[in-house]
Novice: 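Below are the structure tokens for one structure; questions will follow.
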Amino acid sequence: MSTPSETRTPIPTSARWLGVAGLVPFYACLAIAALDLAHHRMVPLNALVIYGAIILTFTGAIWWGLAVHAPSGTPVHRVYTVSTLAALVGWVALLLPTNRGLALLMAGFMAQSLADYALYFSHPRVFPGWLMHLRRLLTVGVVIALVIGSALLPR
């Protein structure tokens with residue numbers, strides 16, 4: 001499901017590298033947990049939930065920033081709503097036991113990705129195509145990390 005603008009405009013180099021750098025803490029937490037480098041495996045897995053909640057909030061906040069700068073007359077109430085929901089889901093994930101927090105974050109990132117598509121196609125002048133492509137790649141990396149984190153939970 002790509003649009004011409006998504007394939008024509010490349011991801012800016014700095015956005016690509018900084019986006020990939022944003023995945024490093026996810027996989028660092030996994031490595032620390034898998035290699036048993038913390039005093040308890042739950043420490044890096046809890047850090048994974050915390051960082052995941054921060055990044056989920058960030059994914060929603062991008063929409064808020066785009067809505068603020070949307071062309072005059074653009075109906076942006078749904079954009080603001082989706083932005084706020086991402087932060088609330090991240091916050092709830094922090095309040096849950098780690099296993100449920102990871103599951104909620106997985107659902108949250110997948111739901112945010114679906115919302116990204118819906119908002120992108122309903123407001124194409126607000127969301128640049130290259131950002132949609134970058135978000136898709138990073139979401140896959142995040143969800144994989146959260147799945148691995150769930151597998152590393154002590155039984």
Side-chain angles (χ1 to χ4, degrees), residues 1-35 43-70 74 76 78-96 98-153:
M1 236 199 207
S2 69
T3 66
S5 67
E6 189 177 335
T7 55
R8 271 187 288 169
T9 306
I11 300 169
T13 303
S14 60
R16 181 182 313 116
W17 284 108
L18 290 170
V20 170
L23 291 174
V24 170
F26 284 102
Y27 288 92
C29 288
L30 295 176
I32 292 166
L35 298 172
V43 172
L45 295 175
N46 286 330
L48 180 66
V49 172
I50 293 166
Y51 187 68
I54 292 167
I55 296 303
L56 183 59
T57 299
F58 178 78
T59 65
I62 290 172
W63 278 104
W64 188 281
L66 291 170
V68 166
H69 295 288
T74 303
V76 292
R78 285 187 344 186
V79 178
Y80 286 126
T81 301
V82 168
S83 175
T84 304
L85 288 175
L88 293 173
V89 168
W91 174 69
V92 170
L94 293 172
L95 300 175
L96 297 174
T98 306
N99 62 336
R100 291 189 178 136
L102 287 169
L104 182 58
L105 288 172
M106 283 182 243
F109 277 101
M110 290 186 281
Q112 182 65 48
S113 186
L114 293 173
D116 287 349
Y117 276 103
L119 292 171
Y120 174 63
F121 287 109
S122 64
H123 301 290
R125 298 181 336 176
V126 174
F127 201 82
W130 66 263
L131 186 53
M132 190 69 235
H133 181 63
L134 179 62
R135 291 284 292 270
R136 183 174 47 241
L137 295 172
L138 295 175
T139 297
V140 168
V142 168
V143 171
I144 288 170
L146 296 172
V147 167
I148 293 169
S150 292
L152 291 174
L153 286 168

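Just so it is clear, the values below take in all heavy atoms, side chains as well, and ignore hydrogens, waters and symmetry mates.
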Novice: For W130 versus P10, what's the shortest heavy-atom pair and its separation?
Specialist: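 Shortest heavy-atom separation between W130 and P10 comes out as CB-O, 3.7 Å.
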Novice: So among V79, L114, L66, which one has a side chain to side chain contact (heavy atoms under 4.5 Å, CB included) with L119?
Specialist: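 It is V79; the other options fail the test.
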Novice: Looking only at heavy atoms, what is the nearest atom pair of G52 and F26, with distance?
Specialist: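 G52 and F26 have their closest heavy atoms at CA-CE2, 3.8 Å.
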Novice: Nearest 0.5 Å, please: how far is CG in L131 from CD1 in I11?
Specialist: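 Here the interatomic distance stands at 9.0 Å.
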Novice: Compare every heavy atom of L134 with every heavy atom of R16, then report the nearest pair and how far apart it is.
Specialist: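 Heavy-atom minimum between the residues: CA-CD1, 4.2 Å.
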Novice: Minimum heavy-atom separation for S113 to M132, with atom names?
Specialist: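 Minimum heavy-atom contact is O-CE, 4.4 Å.
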Novice: Does G22 offer a backbone N or O that forms a donor-acceptor pair with the side chain of Y51 under 3.5 Å?
Specialist: yes
Novice: I need the minimum non-hydrogen distance between Y27 and A145, along with the two atoms involved.
Specialist: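 Looks like OH-N, 3.4 Å.
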Novice: If you take all heavy atoms of V82 and A115, which pair is closest and at what distance?
Specialist: CG1-CB, 3.8 Å
Novice: Quick one: which of Q112, R135, R136 gives a side-chain hydrogen bond (donor to acceptor under 3.5 Å, both in side chains) with Y117?
Specialist: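 Passing option: R136.
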Novice: For L105, which of L96, L48, I55, L56 qualifies under side chain to side chain contact (heavy atoms under 4.5 Å, CB included)?
Specialist: L56
Novice: Atom CD1 in I144, atom CZ in F109: separation rounded to 0.5 Å?
Specialist: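 Interatomic distance, I144 CD1 to F109 CZ, rounded to 0.5 Å: 13.0 Å.
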Novice: Applying side chain to side chain contact (heavy atoms under 4.5 Å, CB included), run through V76 and V68 and close with a yes or a no.
Specialist: CA-CA 9 Å; V76 292; V68 166; over 6 Å; no
Novice: What distance do L146 atom CG and C29 atom SG have between them, rounded to the nearest 0.5 Å?
Specialist: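 The CG atom of L146 sits 10.5 Å away from the SG atom of C29.
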Novice: Please enumerate all residues that pass ring pair (Phe, Tyr, Trp, His ring centres under 6.0 Å) together with Y80, with sequence neighbours excluded.
Specialist: W64
Novice: CG of L18 to CG of L23: how many Å apart, nearest 0.5 Å?
Specialist: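 Between atom CG of L18 and atom CG of L23 there are 11.5 Å.
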Novice: Apply the test side chain to side chain contact (heavy atoms under 4.5 Å, CB included) to residues L45 and N99: give CA-CA distance (whole Å), side-chain angles for both, the deciding distance (0.1 Å), then the verdict.
Specialist: CA-CA 9 Å; L45 295 175; N99 62 336; over 6 Å; no
Novice: Enter the distance from T57:OG1 to I62:CD1 here, rounded to the nearest 0.5 Å.
Specialist: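 It is 11.5 Å, given to the nearest 0.5 Å.
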